[in-house]
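Input: a single structure, listed below in structure tokens.
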Amino acid sequence: MDSPHSLGRYDLTAHLARGGMADVFEASDRMLDRLVAVKILHQRYAETDTFVARFRKEAQAAANLSHPNIVSIYDWGEQEGTYFIVMELVKGRSLRDVVKSEGKILPRRAAEIATEVSSALEVAHRNRVIHRDIKPGNILLSEDGIVKVTDFGVARAWDDSEDLTKTGAVIGTATYFSPEQARGDPADERSDIYSLGVVLYEMLVGRPPFSGETPVSVAYQHVTAEVPVPSRLNPDVPPELEAIVMKSLAKDPARRYETAADIRRDLLLFLQGRTPPPRPTPPRPAPTQAVRRPDLPPPTVSPDEVYRRVHATPRQPSQVPFVITSIALAALVVVGVWYLFNVLTDQPGETTTTTGVRTVVVPDVAGRPRDEALQMLQEAGFNFAPPLEESSDKAEGTVIRTEPSAGTELDESEPVTIVISLGPVQIQIPNVVGSTLERAKASLAGQGFTVVERTTRHDTIGAGLVVSQDPGGGASAPRGSTVELVVSAGPEPIQMPRVTGLTRDRAEGRLEGLDLEVEVATSFHDDVEEGLVISQSPAPGTDINPGWTVQIVVSSGPEETEVELEDLSGRSTGDATAWLEESGFEAVIEQESSQEVAAGSVIRTEPAGGTSLEPGSRVVVVESTGSPIITVPDLTGSTIDEAEVTLTDLGLLLEVANSPRSVADPSLDGRVVRQAPSPGEQLVEGEAVLAVLGEYTPEPTQPQDGNDEESETG
């Protein structure tokens, strides 16, 4: 490096964010005199060829995506073992920060943001790239209001032959998982649409549809639990927008929007004030087939242009269909006149009396070649008009049947139609590459195809998954024809390397480079230097397969009598427990709700930081679960003071409506008669309940009949 804070022509000026695989810095590009963002791969991964290749893959995939709503990639490089990506610097905030600080977003603005995200996804999917981690943290709102999608770090090109991730691995963020990602199934563009639906849901109600104590519990809900409708938590959500959200969040991918263009279309119609029409789910197009719908701005135009076209005056209906229909009707009239003239007019030289007509039997020509059948009909004296038709049992070019059928007696001048076979019915073969063998066979058998299979070793595609098929997906073949599937038997076995005596980082890098999972334990050791591997399992030289888990024990050095406990408050629970385990303590996690500390972060430890403890001591880590969810009580009949006490005890606020509601019951005067939200609904701690008070209004007194007469007399 030129200096401790530079990478070639890029001077690092500020740290912006830290992710699971890389850090992001603001930097100055000296050559072009502009500010950029630089993503630097963590050093522990930089020593592993597999992770470096994945990092490079991210740059290549994202660099090919040019769109106003996608963060641009400028450069990729390596310097003295440090790998980095240079990208567009977006000045603004992430959608995660906006929702966290401001809560739910107005429905129209939420729809505008989702429209721009779907526009970015439409372009990415057309370039065979699935994001697989759409979440508020990866959606940036620039200072000029443009939405930018970033971090294609877990994206994967659809070309399985270049896949750098273990097939079936769960990649993404549990809160925004699609059900198929949670099950470990392959993700496609509909998985991104589901994640976008979760983001849109969170924008509308202020929180995602599912939450839980662990990522596993959240993922399980995505697979099994029903999504509560947004209007239940936010009555301001329009029904049209709610329908878009719920369709995006369908458990079955086949019931969701088929493409990003589909959800973008309905969002634009909503923004135009039009109700999206119900449409059946169309068959999936081939991966290279671009789906274009009329009257919508294309996904590559700028957001300002989209807004202009959405609010433009609708075009007048085209007159072309009317003109074509008129021409077709005129042609039918001409053909009809010609037919009547030729069929009903007497032929020259023939007798027109009934007794002079000769009848002929239609010969049986079914199954004969076309030319032979035509000759037989001509010799029998018939006119003919041979239409074409598909057939499952007649070879191409042979006769399927005659109309009228064989053996019918006709006048020799009457026409006979022979129907010629186009051959067996052609059916489009489904694309099953990447599916499990069982699903592939079921899909092909359901279309009437016969399946043969063979296995092959494959380094990156898991055992039991389809590597390729012949004929390929999208091709047409007769029903009953054979489709050959090549199925992965997994990678070739490898020998377990020796990692004892290496540092932890080098050992993990070497094992992960062989696509092995690593579990690390620590132990005190008087003879092995701190940070070096003491032992490993399996033993060196053992035959293992990629994907297996290897346990290594790392030395903590000689056992010390006491260790000072750091102040871990504010750190993530994962970082805190990792530090405690590496320091030789036993970590026990307990959870509390907190408005001040973000969910997943440490509120405090027991004992507190600064305490000196013996190794092996038990330390309680109190983890924040965020603001608690509170069930709204029934305030009907309560006074203002009683209602306020009730809500305050629960952690909620009371708001009183400016206008009271007239009541006929004097006992309800000055008491709560209506409330919103209703009893039984749920709020986050600190939210308010609106109460409407009753105002007693006595009924008007009716005058007595005798008084009326007396008044009239007077």
Side-chain angles (χ1 to χ4, degrees), residues 1-46 51-101 113 116-117 119-121 123-124 127 129 131-156 171-173 176 199 302-303:
M1 293 188 183
D2 297 340
S3 71
H5 300 288
S6 68
L7 289 170
R9 60 193 255 196
Y10 306 105
D11 293 328
L12 308 183
T13 56
H15 183 269
L16 300 179
R18 180 177 179 85
M21 200 169 69
D23 281 283
V24 181
F25 293 85
E26 179 183 290
S28 174
D29 182 348
R30 295 194 302 273
M31 183 176 294
L32 297 179
D33 191 22
R34 65 178 177 182
L35 291 178
V36 295
V38 176
K39 178 182 287 188
I40 300 178
L41 184 64
H42 292 165
Q43 191 61 40
R44 62 176 295 190
Y45 297 119
F51 283 94
V52 171
R54 183 178 296 163
F55 200 63
R56 184 186 297 110
K57 183 81 171 181
E58 172 189 353
Q60 293 172 341
N64 292 324
L65 304 178
S66 177
H67 186 266
N69 297 123
I70 297 178
V71 173
S72 299
I73 300 296
Y74 297 147
D75 192 8
W76 181 91
E78 180 271 336
Q79 185 169 297
E80 296 182 7
T82 298
Y83 295 87
F84 60 93
I85 293 176
V86 183
M87 64 186 74
E88 173 187 1
L89 178 65
V90 180
K91 291 290 188 179
R93 295 194 296 169
S94 70
L95 181 59
R96 175 189 60 194
D97 294 336
V98 172
V99 174
K100 183 177 180 180
S101 62
I113 293 172
E116 295 192 39
V117 175
S119 183
L121 290 177
V123 171
N127 283 272
V129 173
H131 193 288
R132 305 207 301 172
D133 196 21
I134 292 295
K135 59 183 179 182
N138 285 337
I139 299 172
L140 308 180
L141 307 181
S142 67
E143 294 176 344
D144 53 2
I146 297 178
V147 177
K148 296 275 189 177
V149 180
T150 187
D151 196 0
F152 282 80
V154 295
R156 180 181 68 179
I171 295 179
T173 305
Y176 307 93
V199 172
S302 68

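The distance from the CZ atom of Phe84 to the CG atom of Leu41 is 12.0 Å, given to the nearest 0.5 Å. Separating the CG atom in Leu16 from the CD atom in Glu26 is a distance of 6.0 Å, to the nearest 0.5 Å. For the atom pair Leu65 CG and Ile70 CD1, the distance stands at 4.5 Å (nearest 0.5 Å). Atom CD in Glu143 sits 10.5 Å away from atom CZ in Arg93 (nearest 0.5 Å).
Closest approach of Gly137 and Ser94 over heavy atoms only: O-CB, 4.2 Å. Minimum heavy-atom separation, Leu7 to Gln79: C-OE1, 3.8 Å. Considering every non-hydrogen atom in both Ile146 and Pro68, the closest pair reads CG2-O, 3.8 Å. Of all heavy-atom pairs spanning Val123 and Asn127, the tightest one is O-ND2, 2.8 Å. Residues Val90 and Ser142 approach most closely at CG1-CB, 3.9 Å, considering heavy atoms.
By the 4.5 Å heavy-atom criterion applied to side chains, Arg9 and Leu32 are counted as neighbours. At a threshold of 4.5 Å between non-hydrogen side-chain atoms, the residues Asn69 and Ser119 count as touching. Counting heavy atoms from C-beta outward, Val24 and Lys39 have side chains that approach closer than 4.5 Å. Side-chain contact between His67 and Glu116 is absent, with no heavy atoms from C-beta onward closer than 4.5 Å. For the pair Leu35/Ser28, a side-chain contact is recorded, criterion being any heavy-atom separation below 4.5 Å from C-beta on. Residues Asn64 and Val129 are not in side-chain contact: their nearest non-hydrogen atoms beyond the backbone lie 4.5 Å or more apart. In this structure, Leu141 and Asp97 have side chains that are not in contact, with every pair of non-hydrogen atoms separated by 4.5 Å or more.
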For Leu95 and Val147: C-alpha separation, side-chain torsions, deciding distance, then whether side-chain contact (heavy atoms from CB on, under 4.5 Å) applies.
CA-CA 9 Å; Leu95 181 59; Val147 177; over 6 Å; no

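Looking at Asn138, its side chain does come within 3.5 Å of a backbone N or O of Asp133 through a donor-acceptor pair. Without hydrogens or angle criteria, His131 side chain to Thr150 main chain gives a donor-acceptor distance under 3.5 Å.
Contacts of Arg96 classified as side-chain hydrogen bond (donor to acceptor under 3.5 Å, both in side chains), with partners at least two apart in sequence or in another chain: none.
A donor atom on one side chain and an acceptor atom on the other are not found under 3.5 Å apart for Arg30 and Ser6. Remark: the Asp23 side chain and the His42 side chain contain an N/O donor-acceptor pair separated by less than 3.5 Å.
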Sequence neighbours left out, cut at 3.5 Å: what donor-acceptor pairs do the side chains of residues 71-78 make with other protein atoms?
residue : atom : partner : partner atom : Å
Asp75   : OD2  : Tyr10   : OH           : 2.9
Glu78   : OE2  : Glu80   : N            : 3.3
Glu78   : OE2  : Gly81   : N            : 2.7

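By the 4.0 Å N-to-carboxylate-O rule, Arg34 lies too far from Glu88 to be salt-bridged with it.
No more than 12 heavy atoms of other residues, nucleotides or ligands shown are found within 6.0 angstrom of CG on Asp33.
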